[in-house]
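These notes are about the structure you will find just below.
Just so we're clear, the structure is a prediction, and the values are computed from it rather than from any experiment.
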Amino acid sequence: MRAVVLALTVALVVPEFALDKTYVYKYEALLLGGLPHEGLARAGIKVNSKVLLSAVTENTFLMKLMDPLLHEYAGIWPKDPFVPATKLTSALAAQLQIPIKFEYANGVVGKVFAPAGVSPTVMNLQRGILNILQLNLKKTQNIYELQEAGVQGVCRTHYVINEDPKANHIIVTKSKDLSHCQEKIIKDIGLAYTERCAECTERDKSLIETATYNYIMKPAAAGVLIAEATVEEVHQFSPLNEIHGAAMMEAKQTLAFVEIEKTPVVPIKADYLARGSLQYEFATEILQTPIQLMKISDAPAQIIEILKHLVANNVAMVHDDAPLKFVQLIQLLRFATLENIEAIWAQFKDKPVYRRWLLDALPAVGTPVIVKLLKEKFLAGELTIPEFIQALVVALQMVTADLETIQLTASLALHEKIATIPALREVVMLGYGSMIAKHCVAVPTCPAELLGPIHEIAAEAISKNDIPEITLALKVLGNAGHPASLKPIMKLLPGLRTAATSLPLRIQVDAILALRNIAKKEPKLVQPVDLQLVLDRALHPEVRMVACIVLFETKPSVALISSLAGALKLETNMHVASFAYSHIKSLTRITAPDMAAVAGAANVAIKLMSPKLDRLSLRFCRALQLDFYHTPLMVGAAGSAYMINDAATILPRAVVAKARAYLAGAAADVLEIGVRTEGLQEALLQSPAADESVDRITKIKRTLRALANWKALPTNQPLASAYIKLFGQEVAFVNVDKTVIEEAIPIVTGPKPRELLKAALKALQEGIALQYAKPLLMAEVRRILPTAIGVPMELSLYTAAVAVASVNVQATITPPLPEEIETMTLEQLKKTDVQLQAEARPSVALQTFAVMGVNTALIQAAVMAKGKIRTIAPGKVAARADILKGNYKVEALPVEVPEHIVISSFETLAVVRNIEDPTAERIVPLVPELSLQNSQTSYSSEMPPEAPVRAAAPFHKTLCLAVPYIEIKGCIEVHSHNAAFIRNDPLFYIIGQHSARASVARAEGPAVERLELEVQVGPRAAERLLKQISLIDEETPEGKAFLLKLREILETEDKNVRVSSESSSSSRIISSSSSSSMSSSRMTEVRTWDVYMAPHGASKAVSSGSTASSFEKIQKQAKFLGNAVPPVFAVIARAVRVDHKLLGYQLAAYFDKPNARVQLVVSSIAENDNLKICADGAVLSKHKVTARVAWGPECQQYAVIAKAEAGVLGEFPAARLEVEWERLPIIVTTYAKKLSKHIPMAAFKAGFKLERVSNADKEIELTAALPSQRSLNVIARIPEMTLSRMDIPLPIASKPVCEYSRASSLSATVVIGYACMNILSAVDLTNKAFKRSFSLKTCTY
């Protein structure tokens, strides 16, 4: 019975307004943005008004606002009050009080009508009130769900209707899920090339939107009366996971019945025009940046004013606010008409500095007017080709992709002047494809006719077999990514059409790559095509591998991947099998949410494939994918690399690398670079270098000879090609063929380069003063969406930068160069003395803004994160090259440095401003610096609601470091104040105020005049040394006394170290006993390796001893080569001070040619400083190299000896490196002991066997042998353990050592030896002698 009564009541729940009455309501709307915590700042607006509703006819009504009042808010919530925006209210009062008409039947709002004098912004405010009246009430249900139209679009709405008999009213509750809308009103800018990562937001969301409406309805004569309606809407956003805190836009509306009046609402005397429906309509907020509110009264004059400001204030160094001014310039240009911009261009086109600023700003404007302007100016000859290409590339990516702009770009691509410049036509055509892609993102039902011109070009090119034109058409279709292009592309796919098999391989590859963007939209259409290509063994392997790349980008199912894995078990082409296996295996490790299903499928499929494929070398094709995704922060990055070879590869046929990024539920392919060497590959394969029977040195010589003979290369195909993609769109590609080389050689060797060189040298001698500025709008990402009250909210990110460089260069050349530079001989060049002095002051300013809040042309109220960085790095150098004397010097001279060379700041603010009262702008820090904060929140459970939370004091610290000798002090000053006292989450650490400043200044002490680096080559090297170099002779009385004193010092050090380490010795004994038992199970296998390596043990000591004795014998002949031979070259690095005190270091290099010995000595030039570093090495034979590095006082404190040799071990080629030391610095031994604790686990993971043995305490030995061309045996002996591993697969095939010629063997060994010496020097390892080794048989010829 109760249900029946309720049903009868529901039948009457339809709001009715009588024809002869005016219903008066009190209306209040509030929109606030910020964090949902009391005590933090918020920004917002409030609207108060009376609302009068009057019926004109049964279904037509009038609504009028009376006494409207706008308030603005920027303050600490909730203690600070709203402030009336009196001037703004007065400016809008006339519009706000104009009655509007609307259709209303059965609780549903229809069309809306208003005079032309009502602005779109005011109209949207009226829609916010009408939105409350929208009630889709069903007569037979009290709980139901439907898609309901509203201000934000058609969204999922849930209704609940209840009756309160005691109060005699009906309660209607409806809730809207604004994240699930059939037709959502939203405007995205700068997001066209991003992909929504639905899987990333399944568990954690960055943006949550919901609204709840509550109605109290009372019975009336004609139906029911809305007594009160309240609306609460929340938009919660965080770039991180929302569980770590989020910013929130909260909208509240109240409509309360006051009374009924007899006076009807009268419309004004004007035409009431149809103004759409209840849905929000975008106004000028699209052109209005949310970071500043500009009153545009005279756009051309304001543009010129800002342009002059930018030019005047960015000459010597960048101005602090240059990025913000650049954004202002862009905003003004968006409001300007074509005629305005043409007039400005005509005024400044002949002024180079102004011209550059305009050409940098115009492409970022992003309106069709700019594309039209650039087209007209280029066709009129007012833009050079480089200027036009640079501007057009940016403009086509930034412009709004509507039908008008697409048609404009099409006409530009087909213009006869553009057609005569291939590079320019490619840019326009690629941009045309990108514009279609952007348009189809905004309009999913975009017509296929947009691609008609490209389809026609492709068809004509195919009929004429015009390969370059086919390539270009495919790349344009690939950028567009429209499913309608699938059929034209399939005509060029091999195996699917017989005509395609006759096309060059690169066309087939380009056709497959053109499917990638289509696959993102329609994967089910592309997957069967790709799978068929991958499995068709009649096709070229490269075609099949490229199809494999595209197939996995479609995110195939587990069934499809398993089918592929099963088919590959019978694959005969090892390149295809290796590529597919490595691709599937790398996918098993992917952690990104959008690839989780593919990773699971790959884990299943990999078990179906042969594990032997994992052991193939790198000469086979490979695919690699790595990624990182952090779920709590919703950020990640992924990288892919593909290398495609073939059976007779000399160079890789193709290499592709791609980077992908994830942020806040979105994903994008940020960068992709691809290189193909197909033509060059085939040319090399046809040359004698491809003969596998010759050695590698001969191959290299023949390859170089083939490259030098480039005129014999084919003309009908590119030798190499490359492309670059940004955000999935190909922006440039290049084909290098014989024609390009033929055209480039005259340009490089012709008269023009000589003329340019001559002009450059003349300008250098006269002096060059250059000032250059380069602005860049690096990011403009916006999402604009309406709120329930009819005011738009915006989420946006802006980043702009300006770089300025001031350069002065002066050169002096003695004797002067001849007029005809090409007649200059080598002897004349040798007698030339060149002096160069240069000063540069590069500076960069960068500003970034992240905004959440209200953005209209009338008022802005938002929370904002603002970051600024400004760097200035001045420098002054002088260089001199006296070629005749072999003297080269570079000097760093003093330069005026600003107080701070780096200034960075980050702050979060609440901002409110309105156009009628710009001086009343209020900016409040989001986190006030108060000693006491109250963090009462609706969901915080960390403390009781009444408990105050004491805010952390601001962090402030200054760190300074003085650089010795050069007397320069660097300081970093850091200041930080955040909201982490509220919650210990990343977002609360970010918000607040943070700053850092870096400065460089003179330190205390004598001033430094300059820093010098001088190199002297040849016989005069000894003369340039500032301090005589000598090494102590241990046999002299002075030498013995010095060594005795040094030994006493070292023994004292050792005693201190021994005492400090005794306390931990017992724990090491316990751990060693447990580890020895752990390694016993591996003992047998390691001993097998010892037996395997042992056959030459008998001669080991003899060989080692002879090697050591021969090196010692060479050293005894002349311990210090400087006593017998002059230095080959000398290097002096020093600081020249006003007190003339010598500070710095010098290096002398000596060469003993008869003994193939090199000695380097580095010494301090300071008085009474005997610190030296000595490196001594010798090539003992064509298979053995020995080196000794020592350092400390007179090179006597620390020492390391290393020996590298190559030969044969048993029957196998082998190489060995031994390192032995007497003494190392304490810091080295300390960290080495810590590192050694991790060696057993690392060895186990790497597949090495480990044996605990008593090897030499101060020796490391590494031996590698090649039992076959595809495997490697390794044994490493270090103190306390021996590591070994056999049959390590090699990525590339090797050849036996004895197959190399004498020259190659000697060269390889010498190179290896010297490399080892350099490495040892770099890491400061030292070594004295070899104590244990075994001999390797040398190769015989």
Are the side chains of [Y] and [X] in contact, using a 4.5 Å heavy-atom criterion?
| X | Y | value |
| --- | --- | --- |
| His158 | Ile143 | yes |
| Leu62 | Pro267 | yes |
| Ile226 | Tyr25 | yes |
| Val441 | Asp188 | no |
| Thr173 | Asn162 | no |
| Ser49 | Leu96 | no |
| Asn214 | Glu228 | no |
| Thr230 | Glu232 | no |

message: Can you pull out every disulfide bond (SG atoms under 2.5 Å apart) where at least one residue sits in residues 78-179? Sequence neighbours excluded, please.
response: Cys155-Cys181
Whether the side chain of [X] engages the backbone of [Y] through a donor-acceptor N/O pair (distance < 3.5 Å, no angle test) should be reported.
| X | Y | result |
| --- | --- | --- |
| Thr89 | Leu70 | yes |
| Tyr23 | Ala18 | yes |
| Arg275 | Ile100 | no |
| Gln134 | Ala149 | yes |
| Asp271 | Leu273 | no |
| Asn855 | Gln288 | yes |
| Tyr73 | Asp80 | yes |
| Arg127 | Gly150 | no |
| Thr284 | Leu287 | no |
| His439 | Ala401 | yes |

Interatomic distance, [X] atom [atom1] to [Y] atom [atom2] [nearest 0.5 angstrom]:
| X | Y | atom1 | atom2 | value |
| --- | --- | --- | --- | --- |
| Lys64 | Ser54 | NZ | OG | 11.0 Å |
| Lys521 | Cys440 | NZ | SG | 5.0 Å |
| Thr908 | Leu40 | OG1 | CG | 9.0 Å |
| Glu163 | Asn142 | CD | CG | 10.5 Å |
| Ile789 | Tyr27 | CD1 | OH | 6.0 Å |
| Ile784 | Thr856 | CD1 | OG1 | 11.0 Å |

message: Tell me which one of Leu30, Val47, Asn48, Ile45 satisfies side chain to side chain contact (heavy atoms under 4.5 Å, CB included) with His71.
response: Asn48
field: Among His180, Lys176, Lys184, side chain to side chain contact (heavy atoms under 4.5 Å, CB included) partner for Glu209
entry: Lys184
message: As a quick check of understanding, evaluate side chain to side chain contact (heavy atoms under 4.5 Å, CB included) for Val911 and Gln860, giving each step before the final call.
response: CA-CA 8 Å; Val911 182; Gln860 292 179 340; over 6 Å; no
Can you tell me if [X] has over 12 outside heavy atoms packed within less than 6.0 Å of its [atom1]?
| X | atom1 | value |
| --- | --- | --- |
| Asn106 | CG | no |
| Lys26 | NZ | no |
| Glu58 | CD | no |

Minimum heavy-atom distance [X]-[Y], with the two atoms named:
| X | Y | value |
| --- | --- | --- |
| Gln126 | Ile98 | NE2-O, 3.9 Å |
| Val151 | Gly790 | CG1-CA, 4.5 Å |
| Ala229 | Ile132 | CB-CG2, 3.5 Å |
| Ser796 | Arg782 | CB-CG, 3.8 Å |
| Pro36 | Ala246 | CD-O, 3.5 Å |
| His169 | Met217 | CB-O, 3.0 Å |

field: Full working for side chain to side chain contact (heavy atoms under 4.5 Å, CB included) between Tyr215 and Ile170
entry: CA-CA 8 Å; Tyr215 299 85; Ile170 299 166; over 6 Å; no
- request: Inspect the contact between Arg922 and Glu72 and indicate whether a charged nitrogen and a carboxylate oxygen are less than 4.0 angstrom apart.
  value: yes
message: Closer than 4.0 angstrom, basic N to acidic O: yes or no for Glu250 and Lys252?
response: yes
message: Under the criterion side chain to side chain contact (heavy atoms under 4.5 Å, CB included), I'd like the reasoning laid out for Phe102 against Leu53: C-alpha separation, chi angles, the key distance, then a yes or no.
response: CA-CA 10 Å; Phe102 64 97; Leu53 293 171; 4.1 Å; yes
message: Before you tell me yes or no, could you show the steps for Glu285 and Lys187 under salt bridge (Lys or Arg N to Asp or Glu O under 4.0 Å), namely the whole-Å CA-CA distance, both residues' side-chain angles and the distance that decides it to 0.1 Å?
response: CA-CA 10 Å; Glu285 62 267 24; Lys187 181 69 70 174; over 6 Å; no
- request: Kindly assign one of parallel, tilted or perpendicular to the pair Phe17 and Tyr104, based on the angle between their ring planes and the thresholds 30° and 60°.
  value: tilted
query: Between Val927 and Phe988, is a side chain to side chain contact (heavy atoms under 4.5 Å, CB included) present by the stated rule, with each step listed?
result: CA-CA 10 Å; Val927 183; Phe988 291 84; over 6 Å; no
- request: Apply side-chain hydrogen bond (donor to acceptor under 3.5 Å, both in side chains) to the pair Gln152 and Glu233, showing each step before the final yes or no.
  value: CA-CA 12 Å; Gln152 294 104 333; Glu233 181 178 283; 2.4 Å; yes
message: Show every salt bridge (charged side-chain N to carboxylate O under 4.0 Å, His left out) that has at least one partner inside residues 102-115, sequence neighbours left out.
response: none
query: Is the ring centre of Tyr144 less than 6.0 Å from the ring centre of Tyr159?
result: yes
